[in-house]
2 protein chains.
Amino acid sequence: MSDKKITITRTALQLFINKGIHAVGINEVIKQSKVAKKTLYHHFPSKEVLIISTLQYRDQLFMQWLEQRLLTVDAPKLAIIEIFYALDDWFNSRVTTLGNFHGCFFINACAEYQDPDCAINRCCKTHKSNVQDLVEKYVSQFTANADSAALLTKQICILKEGAITTALVQQDLQAALKLIEVVKLLLRGG
Amino acid sequence: MSDKKITITRTALQLFINKGIHAVGINEVIKQSKVAKKTLYHHFPSKEVLIISTLQYRDQLFMQWLEQRLLTVDAPKLAIIEIFYALDDWFNSRVTTLGNFHGCFFINACAEYQDPDCAINRCCKTHKSNVQDLVEKYVSQFTANADSAALLTKQICILKEGAITTALVQQDLQAALKLIEVVKLLLRGG
DNA sequence: TATCAGGTAGACCGATCTGTCCACTAATAT
DNA sequence: ATATTAGTGGACAGATCGGTCTACCTGATA
């Protein structure tokens, strides 16, 4: 990928995260990127494709961060708990690669593009299913029954979504920590 | 409130819920409302005020529905569980007063208006705190310690947000049901 | 009967939107 | 040496944005 293309993607991502997608125009993106409009349209045929590019870039960033983070613990149950400490760092803007917390980009994008068939919405679903797969990788290590593992995975993911949403809407930056005991309760049960 | 004003508010609410706020222009609102532009601007000095009106109207609708719903059970712990059955009805569009499920209007609005000082964002926080107060009313009936009650209330609310977000983004309409056992586990602990 | 609020349709304002196009430059690959 | 690719700045097009305004109609109230 060309330098300019990456610059544009990164700039657009930042703007979309801070202000929302519909609220940011192409003109603002090119101005901030210090790039000619022709250059943007050379790399991206439309705003929609640019949006999808930012979603994919963010998915990459987020997954790499979370995967690395979970490698630092050695027991699968501890990895599940570590997710919520990781979320706490994210909410409190202690993760430089993720930037200042503005909620989950994919949840926010879904709110703006609700048509389940549109490419943007599908990107968001893909990201969430990527995260879910990562969670399941750990859950299945201590849950023999496949159905139980699937359910526990889903429950943990729902808790995670709740923490993210609460941190954004209520500005409760301790939301993830408040779930630690709930997660431990769930893991004890499983 | 005048008939026209209510009509405009209701129409705008439906459009905002279905398409997102930034994606809906004033012209679309007046066309769908079958109302002159002057009439809209007679009742609402700006789009922002109209948005706030739709948020307040939705808050009223939602709170009335949930309060009524929780009156149908007679034990406070059952009321907490009932919340999630109520959510399930909402997700699966079985609640006529709430319309087809498109996620939580307040979460979605927050995604588009993130400035914590702006009136729209504050409306969303107000709604969430209204719901939280209702939950706390029931939780405090079986939780003597005030701090414990506050924490349990918050945890239940976070679970609720997770279910809503998951139902929207992953289109998992069973999200609320998957939490029932988690809630029971929490209530047993408390 | 006079007044006035609430309503109609739609022209109009300046700004902004996405996207196209032109003329030109610089570097690179064949 | 020539062709291609990536880039520049910016004019331009057609549509839509939020919002203002004029001119007119209707029905209730003082």
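Each chain gets a letter, A, B and so on, in the order its sequence line appears, and its residues count up from 1. Small disclaimer: the values here were computed from a predicted structure and weren't measured.
In this structure, A/H43 reaches the D/dG7 phosphate: one of its side-chain N or O atoms is under 4.0 Å from OP1 or OP2.
Here A/Q155 pairs with nothing under the side-chain hydrogen bond (donor to acceptor under 3.5 Å, both in side chains) rule; sequence neighbours left out.
Out of C/dG7, C/dT8, D/dG7, the shortest distance to the side chain of A/H42 is found at D/dG7.
Between B/T165 and A/T165, the side chains place a donor N or O and an acceptor N or O closer than 3.5 Å (distance only, hydrogens not considered). Under the 3.5 Å distance criterion, with hydrogens and angles disregarded, a donor-acceptor pair is assigned to the side chains of A/K125 and B/Q171.
One can place CD of B/E28 at 14 Å from C1' of D/dG18, the figure rounded to the nearest angstrom. Distance, B/K31 NZ to C/dA9 P: 13 Å, rounded to whole Å. If you measure from atom NZ of A/K4 to atom C1' of D/dT5, you get 14 Å, rounded to the nearest angstrom. If you measure from atom CD1 of B/I30 to atom C1' of D/dT20, you get 13 Å, rounded to the nearest angstrom. Nucleotide C/dT8 holds its P atom 11 Å from the CG atom of B/L40, rounded to whole Å.
A pairwise comparison of heavy atoms in B/L168 and B/F101 identifies N-CE2, 3.9 Å as the closest pair. Looking at every heavy atom in both residues, B/L187 comes nearest to B/F142 through CD2-CZ, 3.7 Å.
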Taking protein heavy atoms under 4.0 Å as touching, what does nucleotides 18-25 of chain C look like 5' to 3' if B marks base contact, S marks sugar-phosphate-only contact and - marks none?
-> BBBBB---
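Annotation: cation-pi pair A/K77/A/Y138 absent, no NZ/CZ under 6.0 Å from the ring centroid and within 45° of its normal.
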